[in-house]
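Notes follow once the structure below has been shown.
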Amino acid sequence: MTQSFAPSPVLHTPGPSRTRRALRAVAIVSCVPYLGLKIAWVAGSHVGIPEDSGLLDHRVSMAVVNSVSVLMDSAVIVLALVLTRPWGLRVPAWLLAFPVWVATGLLTPIMAGFPLQLVVRALGGSTRTSAGGEAFLDEWVFGVVYSGFIAQGICLGALFALYARDRWGHLWRGLVWELPVGVIGAAQRVSAVAAGILALFPLTVHVLWACGATAGLSEGRVSERTGDFYALETVYAVFLLAAVTGGCMLAFRLGRALPVKVPLALVWVGSSAVTCWGGWLSLASLGGPDDIADRATPLMSLTYAGQMIVGILVATVGAYFLAERSAVKRPA
């Protein structure tokens with residue numbers, strides 16, 4: 001079965017709609033609290049940091065990390081502008097898709113995990129402070145920062161969905177069973193299968209940690225296990241399942257009655273989340289010479305590396321699908 005697709009019309013408007021302007025404004029404003037805190041910390045301020053916090057023991061590394069964080073969150077402002085200005089439609093696809101994919105991967109687990117943590121706490125789950133651990137940041141910092149992240153994720157996600165619909169909407173029209181023969185090749189099916197097999201290891205480990213197992217965790221991580229920890233481990237497992245499910249649905253046309261955008265969304269969100277957070281957790285687990293208890297164990301490193309590989313494989317399946325479908329000859 002073959003099928004062709006007419007290109008989506010490119011809208012030439014004098015400016016963004018009222019909805020897009022509102023989303024852009026909220027996305028930019030929601031960056032202010034995080035950027036303000038990070039810039040203050042780089043300048044030497046201790047606002048939101050308890051006097052006995054371990055963060056104060058590593059001032060140089062903290063300044064470097066905070067400076068990088070400022071650049072990363074500033075990228076949200078740039079993306080909000082690109083997605084709402086007419087000239088943004090002329091930005092090369094790869095130059096826009098990659099940073100949005102990374103932003104999706106970093107923000108989506110927070111958007112899912114922070115509300116889940118609040119629910120766990122409301123049901124009596126412990127926090128680091130209530131469990132007797134040392135708080136490295138004041139509690140209000142997490143509420144302010146993560147609320148801003150959630151607002152950024154919602155607004156940026158909505159803006160990108162509107163932008164992608166205008167520019168590439170023809171790529172995910174129709175149902176899964178209507179996909180042309182040849183859109184997914186044997187190599188992509190192998191990638192999907194490999195991702196499913198490799199995902200078994202990190203998925204099993206995250207599920208075990210979410211259920212209370214301590215095997216493979218560093219001493220520092222074991223002592224820090226609270227309701228927040230279990231909630232996040234559950235979230236990591238869910239995103240691994242989402243990535244593999246979306247990849248297999250595209251590669252083998254599973255869920256034939258579903259719109260094509262469903263497996264594509266699972267691939268986009270799932271692959272970005274497991275890849276970006278696998279990388280972030282790997283970096284965060286690299287402690288200094290005096291942080292031996294917090295250093296990643298071999299099992300932790302393998303788990304994070306494994307989920308990164310899974311995410312990259314699934315992202316490859318999705319990228320190949322979009323490239324092949326965009327190359328289908330369309331009538332003039």
Side-chain angles (χ1 to χ4, degrees), residues 1-21 23-24 79-105 108 153-189 191-192 242-243 245-272 313-332:
M1 176 179 179
T2 60
Q3 186 175 355
S4 59
F5 298 86
S8 294
V10 178
L11 302 181
H12 297 283
T13 59
S17 65
R18 182 178 300 177
T19 299
R20 299 191 195 204
R21 290 198 301 268
L23 290 170
R24 179 179 64 193
L79 289 174
L81 294 173
V82 171
L83 295 173
T84 54
R85 301 304 303 167
W87 51 263
L89 291 170
R90 298 190 296 271
V91 174
W94 65 269
L95 188 59
L96 175 62
F98 180 72
V100 174
W101 182 78
V102 172
T104 302
T108 307
I154 293 174
C155 294
L156 204 62
L159 287 173
F160 183 68
L162 293 171
Y163 177 100
R165 183 195 63 187
D166 293 343
R167 185 170 177 179
W168 303 301
H170 60 284
L171 298 180
W172 51 77
R173 289 176 185 164
L175 305 177
V176 173
W177 70 270
E178 297 174 332
L179 290 175
V181 175
V183 168
I184 288 291
Q188 281 59 51
R189 294 190 181 93
S191 297
T245 300
C248 289
M249 288 176 68
L250 274 187
F252 297 98
R253 298 186 185 180
L254 304 178
R256 294 167 61 85
L258 292 174
V260 175
K261 59 187 176 183
V262 172
L264 268 180
L266 290 173
V267 166
W268 180 273
V269 176
S271 67
S272 63
L313 287 172
V314 173
T316 300
V317 174
Y320 183 86
F321 169 86
L322 292 174
E324 283 289 296
R325 210 174 194 207
S326 65
V328 173
K329 290 185 178 179
R330 298 185 290 263

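Here the structure is a predicted model, which means the values were calculated and not measured.
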Compare every heavy atom of T104 with every heavy atom of T108, then report the nearest pair and how far apart it is.
OG1-O, 2.6 Å
Are any non-hydrogen side-chain atoms of V267 and F321 less than 4.5 angstrom apart?
no
Evaluate the side chain to side chain contact (heavy atoms under 4.5 Å, CB included) criterion for residues L322 and L264: first the C-alpha distance (whole Å), next the side-chain angles of each, then the deciding distance (0.1 Å), finally the verdict.
CA-CA 9 Å; L322 292 174; L264 268 180; 3.9 Å; yes
Rounded distance (nearest 0.5 Å) linking atom OG of S271 with atom CH2 of W101:
5.5 Å
Can you see which heavy atom on P263 is nearest to which on V176, and at what distance?
CG-CG2, 4.1 Å
With rounding to the nearest 0.5 angstrom, report the CE to CG distance, M249 to L266.
6.5 Å
Verdict with supporting geometry, L250 and Q188, side chain to side chain contact (heavy atoms under 4.5 Å, CB included):
CA-CA 9 Å; L250 274 187; Q188 281 59 51; over 6 Å; no
Which is it for W268 and V100 under the side chain to side chain contact (heavy atoms under 4.5 Å, CB included) test, yes or no, and what are the steps along the way?
CA-CA 10 Å; W268 180 273; V100 174; 3.8 Å; yes
Please round to the nearest 0.5 Å and tell me the distance separating atom OH of Y163 and atom CZ of R85.
13.0 Å
Do L83 and L156 touch side chain to side chain, with heavy atoms closer than 4.5 Å?
yes
Side chains of L81 and R24: closer than 4.5 Å at any heavy-atom pair?
yes
Of all heavy-atom pairs between C248 and A192, which one has the smallest distance, and what is that distance?
SG-O, 4.1 Å
Donor-acceptor under 3.5 Å (R189 side chain, F252 main chain)
no
For S191 versus V317, what's the shortest heavy-atom pair and its separation?
CB-CG2, 3.8 Å
Can you find a pair of side-chain heavy atoms, one from V82 and one from W87, that are under 4.5 Å apart?
yes
Give me the atom names and distance for the closest heavy-atom approach of W172 to R325.
CA-NH1, 3.3 Å
What distance separates K261 NZ from R173 CZ, expressed to the nearest 0.5 Å?
11.5 Å
Distance check, rounded to the nearest 0.5 Å: L96 atom CG versus R167 atom CZ?
7.0 Å
